[in-house]
Structure formats: C-alpha cells, structure tokens
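A short worksheet on the structure shown next.
Values in this document were obtained by computation on a predicted structure and should not be read as measured data. Quick note: numbers below take in every heavy atom, side chains included, and nothing from hydrogens, waters or symmetry partners.
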Amino acid sequence: MTEELRRVETPLGPIEYYLTVKPVKNINLRIRSDGAAAVSVPRQVSRTAADSFVRDHADWVLAHQSRRAAAPPPLAAPDKRAALPVLTAALERMYPLVAPLGVKKPVLKVRFMTSRWGSCHWAKGVVTLNTALAAVEEGLRDYVALHELVHFLHPNHGPGFYATMDSLMPGWQERRRTLKAHTLTRPS
C-alpha cells in the first residue's frame, strides 16, 4: 500500500490529503497526529470519488486541523524515577487540604497511563498519578492530586465530590480544561 499526496480545491480553500487504497469496506477520513488529512478507500473507489469525499467534508477537515494546530504539543512523559519526586511534591502540597476532613495519607504510585491523569483506589489507600503530569505546570499537577485525594471522601463524581472540589480549589474547572488540551505520548 502506498500513499499518494493529493490536493483538492474547496469553497473553503485548498486541502491536501494523503490517499491510500487498501482493503477496506468504506471511505475513511481522519486527521493524523501530524495534522495531515488522510483518506483510505476501497480498491474500487476512484481518485475522483476520493477527492469529492474530501471536498464534501472540507468543513470537518479544516475544523479538526485548526483544533489540532491550536493544541499544545504532546507531552513526553518522563520515566518513573524522574517523575516520582515531582508528583510526590504535588501530593504533599494538596494533602493538607483533605487531612482535616479525615483523609489518611495515601500511598503514591506513579506510572504512565495512556488515557488517565490519575486514579484512586480508596479502599486500598492508594493514589496513582500519571508520570506525564511531571511535564505539566505545577497547578495542573496539584489539580489532579487534589482530585484523587477528594475521592477518599467521595468515591464517585457526584454532587458531593464537585462541592468539595469547589471549596478546596475554586476555579479547578479551568485547570481541568487546560489539562484536557494536552495529549500523551509514551515515554521512550
């Protein structure tokens, strides 16, 4: 299978995309991690039909490319040894907020996670933080550490959980939005 770089003119401007003919059932359109549009088509679909498909979906392609271009670069997670002191410090900063509420100090574990920033196993007294957090600003690490600590008071994301977050870290929602803009890459 080879890729062919193609260009189509649309009412919204020109779009370049990579075309791959392969054994698929449908025309598939995606935005690659490098921001390029890519289309895969079944063998019986012509290049003209692929161009028309991209032209018909120009608004989707341009919107997704624009969103990807505005996103921060992917975070490269440090190894566990480098991340541990940084994440320990975040947990240490946030723990005093929940200690008066009866939360026992948890055991901290760190590991790379592909889709989560942290997790709490409240029954075992363990908080796990993603090593990628060591690559973001302190305030974002603190938000995740507090989020996991609050789960010792409220194991779910119910109203009590959010009320506690609001009282302990006003404006935490902005930190969450900032963190969600980041993507993760596995450490090398």
Heavy-atom pair of closest approach, residues Val21 and Arg43: CG1-CA, 3.6 Å
Non-hydrogen side-chain atoms of Phe112 and Asp79 separated by less than 4.5 Å: no
Hydrophobic cluster identity match, Val126 and Leu108, side-chain contacts under 4.5 Å: no
Considering all heavy atoms, the nearest Ile31-His64 contact: CG1-CB, 3.6 Å
Tyr18 with Val45, same ILVMFWY side-chain cluster at under 4.5 Å: no
Side chain Asn156, main chain His154, donor-acceptor under 3.5 Å: no
Approximate separation, where rounding is to 0.5 Å, of Asp166 CG and Trp172 CH2: 6.5 Å
Heavy-atom donor-acceptor pair, Glu3 side chain to Leu19 backbone, under 3.5 Å: no
Where Pro78 and Ala134 come nearest, the two heavy atoms and their spacing: CG-CB, 3.6 Å
For residues 82-107, run the donor-acceptor check on the side chains, cut-off 3.5 Å, and write out each pair with its distance to 0.1 Å, sequence neighbours left out.
| residue | atom | partner | partner atom | Å |
| --- | --- | --- | --- | --- |
| Thr88 | OG1 | Leu84 | O | 2.7 |
| Glu92 | OE1 | Lys105 | NZ | 2.9 |
| Glu92 | OE2 | Lys105 | NZ | 2.8 |
| Arg93 | NE | Asp142 | OD1 | 2.9 |
| Arg93 | NE | Asp142 | OD2 | 3.2 |
| Arg93 | NH2 | Asp142 | OD1 | 2.7 |
| Tyr95 | OH | Val103 | O | 2.7 |
| Tyr95 | OH | Lys105 | N | 3.2 |

Backbone N/O of Ala37 and side chain of Arg32: donor-acceptor pair under 3.5 Å: no
Derivation and outcome, side chain to side chain contact (heavy atoms under 4.5 Å, CB included), residues Phe161 and Leu153: CA-CA 8 Å; Phe161 174 87; Leu153 300 167; over 6 Å; no
For Tyr143 against Arg176, the heavy-atom pair lying closest together: OH-CD, 3.4 Å
Within-4.5 Å side-chain heavy-atom neighbours: Gln173 and Met165: no
Aromatic ring proximity, centroids under 6.0 angstrom, His157 and His147: yes
Backbone N/O of Met113 and side chain of Asn130: donor-acceptor pair under 3.5 Å: yes
Expected output: side-chain Arg55 to main-chain Glu9 donor-acceptor under 3.5 Å: yes
Pairwise distance OG1(Thr10) to CG(Asp51) - rounded to 0.5 angstrom: 11.5 Å
CA sep, side-chain torsions, deciding dist, call: Arg7, Ile15, side chain to side chain contact (heavy atoms under 4.5 Å, CB included): CA-CA 6 Å; Arg7 180 184 171 105; Ile15 295 178; over 6 Å; no
Any side-chain heavy-atom pair of Thr20 and Thr2 under 4.5 Å: no
Within one Ile-Leu-Val-Met-Phe-Trp-Tyr cluster: Val144 and Tyr162, side-chain cutoff 4.5 Å: yes
Co-membership, hydrophobic cluster, residues Val8 and Leu62, 4.5 Å side-chain: yes
Asp34 side-chain N/O to Ala36 backbone N/O, donor-acceptor pair under 3.5 Å: yes
Residues Thr128, Val110; criterion side chain to side chain contact (heavy atoms under 4.5 Å, CB included); working and verdict: CA-CA 5 Å; Thr128 304; Val110 299; over 6 Å; no
Closest non-hydrogen atom pair, Gln65 against Gly35: NE2-O, 3.1 Å
Distance in Å, Leu133 CG paired with Leu179 CG, rounded so as to fall on 0.5 Å steps: 6.5 Å
Leu29 vs Trp60, side chain to side chain contact (heavy atoms under 4.5 Å, CB included): CA-CA, chis, key distance, verdict: CA-CA 10 Å; Leu29 172 61; Trp60 184 91; 3.7 Å; yes
ring-ring contact (aromatic ring centres under 6.0 Å, His included): pairs with one or both residues in residues 117-137, sequence neighbours excluded: none
Val41 versus Ala50, closest heavy-atom pair with distance: CG1-CB, 4.1 Å
Any Arg6 side-chain heavy atom under 4.5 Å of Arg47 side chain: yes
